Asks: 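Sharing a structure with you now.
These values consider heavy atoms only, across backbone and side chains, with no hydrogens, waters or symmetry-generated copies. As the structure is a prediction and not an experimental result, all values here were calculated from the model.
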Amino acid sequence: MVGTQQLSELFFASSNEHKFQESERILSKLGIQINLFKTTLEEIQSNNLNDIAEKKAINAHDLIQKPVIIEDDGLFIDSLNGFPGPYSSYVYDTIGNKGIMNLLENSQIRDAKFVAIIAYCDDDYGVKLFESSIPGKISSIIEKGGWGHDPIFIPDGESKTYANVSDKDKFSHRAASLTKFSSWFLDMQKDNGQ
Ligand code: ITT
C-alpha cells in the first residue's frame with residue numbers, strides 16, 4: 001500500500017474542453033470519473049512529446065496538488081518529416097487546416113499518424129506516461145464538423161475523417177492511450193484498497 005492520498009478524486013488539466021469532454025466520455029465507460037481543471041499549462045519547447053507531457057504533468061500537479069492527468073498530442077505527417085508533431089496546437093492556431101492542406105498540395109503521399117500521450121502525476125507514483133498512436137491519412141478536402149485537426153485526419157480502415165466517423169472513440173489516439181492508462185490506474189487503486 002502506497003501513501004495515504006485520496007486517489008479517487010482525479011483531475012484532467014487542460015485548456016482544451018474538447019479533449020476533456022472526449023476523455024470524460026471514454027474514461028467513464030471504463031469506470032473512472034474525472035474533473036476538469038481548466039488551466040493553461042507550461043509547455044516546454046521540445047521535439048519529444050514524452051518530455052513535453054512529463055513537464056506538463058509536473059506543472060499541473062504543482063498547481064493542483066492532487067492526482068492529475070494531462071494529455072499531449074501531435075499530428076505527424078510523413079511527407080513533412082513529422083511536422084507539425086509537437087507543434088500541432090500552434091500550427092492549428094496559426095496556419096490552420098487550410099495551411100496544412102496547402103503544404104500537401106502536390107503530395108500524393110498523405111500518410112500521417114496521431115499520437116496521444118497521457119501523463120499521470122501524484123505524490124506517490126510521480127509521473128507515469130501512456131502513449132498510443134493511430135495511423136491514417138490526410139484527407140484531400142477539409143470536411144465539415146469536429147474540432148482541431150478532426151476534419152483532415154482519416155484513421156486507417158475508414159473512409160471519413162475523425163470529424164465524420166460514426167464513433168471516433170473506437171479509433172482515436174486519445175481512447176487508445178486512456179485505455180492503457182485506465183488499466184494501470186484501476187490496478188493501482190485495487191492494490192491500494194480503494
Ligand atoms: P492543453 O491545454 O491540454 O495542452 P492543447 O489544445 O494545447 O490543450 P496539445 O498541446 O496537446 O493540446 O495540442 C495538440 C493539438 O492537436 C490540439 O490543439 C488540436 O489542434 C490537435 N488535436 C489533438 N487531438 C485532436 C483530436 O482528437 N482531434 C482533432 N485535433 C486534435
Asks: Answer with yes or no after comparing the ring centroid distance for Y162 and H173 against a 6.0 Å cut-off, counting only values under it.
Replies: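 Yes, the ring of Y162 comes within the 6.0 Å limit of the ring of H173, centre to centre.
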
Asks: Determine the minimum heavy-atom distance between I100 and P84, stating which atoms define it.
Replies: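 For I100 and P84, the tightest heavy-atom pair comes out as CD1-CG, 4.4 Å.
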
Asks: Look only at the side chain of S107 and the backbone of L104, and say whether a donor-acceptor pair between them is shorter than 3.5 Å.
Replies: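 Side chain of S107 to backbone of L104, a donor-acceptor pair under 3.5 Å: no, none is there.
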
Asks: Is the Y125 to W184 ring centre distance short of 6.0 Å?
Replies: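 Centroid separation for Y125 and W184: below 6.0 Å.
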
Asks: Would you call the rings of F153 and F114 parallel, tilted or perpendicular if under 30° counts as parallel and over 60° as perpendicular?
Replies: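 The arrangement is perpendicular - the two ring planes meet at more than 60°.
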
Asks: For residues G136 and D156, report the shortest heavy-atom separation together with the two atoms involved.
Replies: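 Heavy atoms only, the tightest pair is CA-OD1, 3.3 Å.
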
Asks: Is the backbone N or O of A175 less than 3.5 Å from a side-chain atom of S172, with the two atoms forming a donor-acceptor pair by type?
Replies: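 Flag set: sc S172 to bb A175 pair under 3.5 Å.
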
Asks: Looking at every non-hydrogen atom in both residues, tell me the closest pair between L36 and S14 and how far apart they are.
Replies: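 In this case the closest contact between L36 and S14 is CD1-O, 4.1 Å.
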
Asks: N192 side chain to M188 main-chain N or O, any donor-acceptor pair under 3.5 Å?
Replies: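 Between the backbone of M188 and the side chain of N192 there is a qualifying donor-acceptor contact (under 3.5 Å).
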
Asks: Looking only at side chains, do N97 and H149 share a donor and an acceptor under 3.5 Å apart?
Replies: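 Side-chain D/A pair, N97 to H149: present.
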
Asks: May I have the step-by-step check of salt bridge (charged side-chain N to carboxylate O under 4.0 Å, His left out) for R110 and D78, ending in yes or no?
Replies: CA-CA 7 Å; R110 303 183 77 88; D78 287 8; over 6 Å; no

Asks: Between K56 (side chain only) and E71 (backbone N and O only), is there a donor and an acceptor less than 3.5 Å apart?
Replies: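 Such a contact is found between K56 side chain and E71 backbone.
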
Asks: Hey, do the aromatic rings of F185 and Y120 have their centres closer than 6.0 Å?
Replies: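 Yes, the ring of F185 comes within the 6.0 Å limit of the ring of Y120, centre to centre.
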
Asks: Mark yes when over 12 heavy atoms from residues, nucleotides or ligands other than K19 sit less than 6.0 Å from its NZ; otherwise mark no.
Replies: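 It does: K19 NZ has more than 12 such atoms within range.
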
Asks: Please indicate whether L186 has more than 12 foreign heavy atoms, meaning atoms of other residues, nucleotides or ligands, lying under 6.0 Å from its CG.
Replies: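 Yes, the 6.0 Å shell around CG holds more than 12 heavy atoms from other groups.
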
Asks: Using side-chain hydrogen bond (donor to acceptor under 3.5 Å, both in side chains) as the criterion, point out the one residue from K144, E143, K137 that pairs with T161.
Replies: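 Option passing the side-chain hydrogen bond (donor to acceptor under 3.5 Å, both in side chains) with T161: E143.
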
Asks: Start with the C-alpha gap between Y92 and L75, add the side-chain angles, then the distance that decides, and say whether side-chain contact (heavy atoms from CB on, under 4.5 Å) holds.
Replies: CA-CA 10 Å; Y92 180 76; L75 176 64; over 6 Å; no

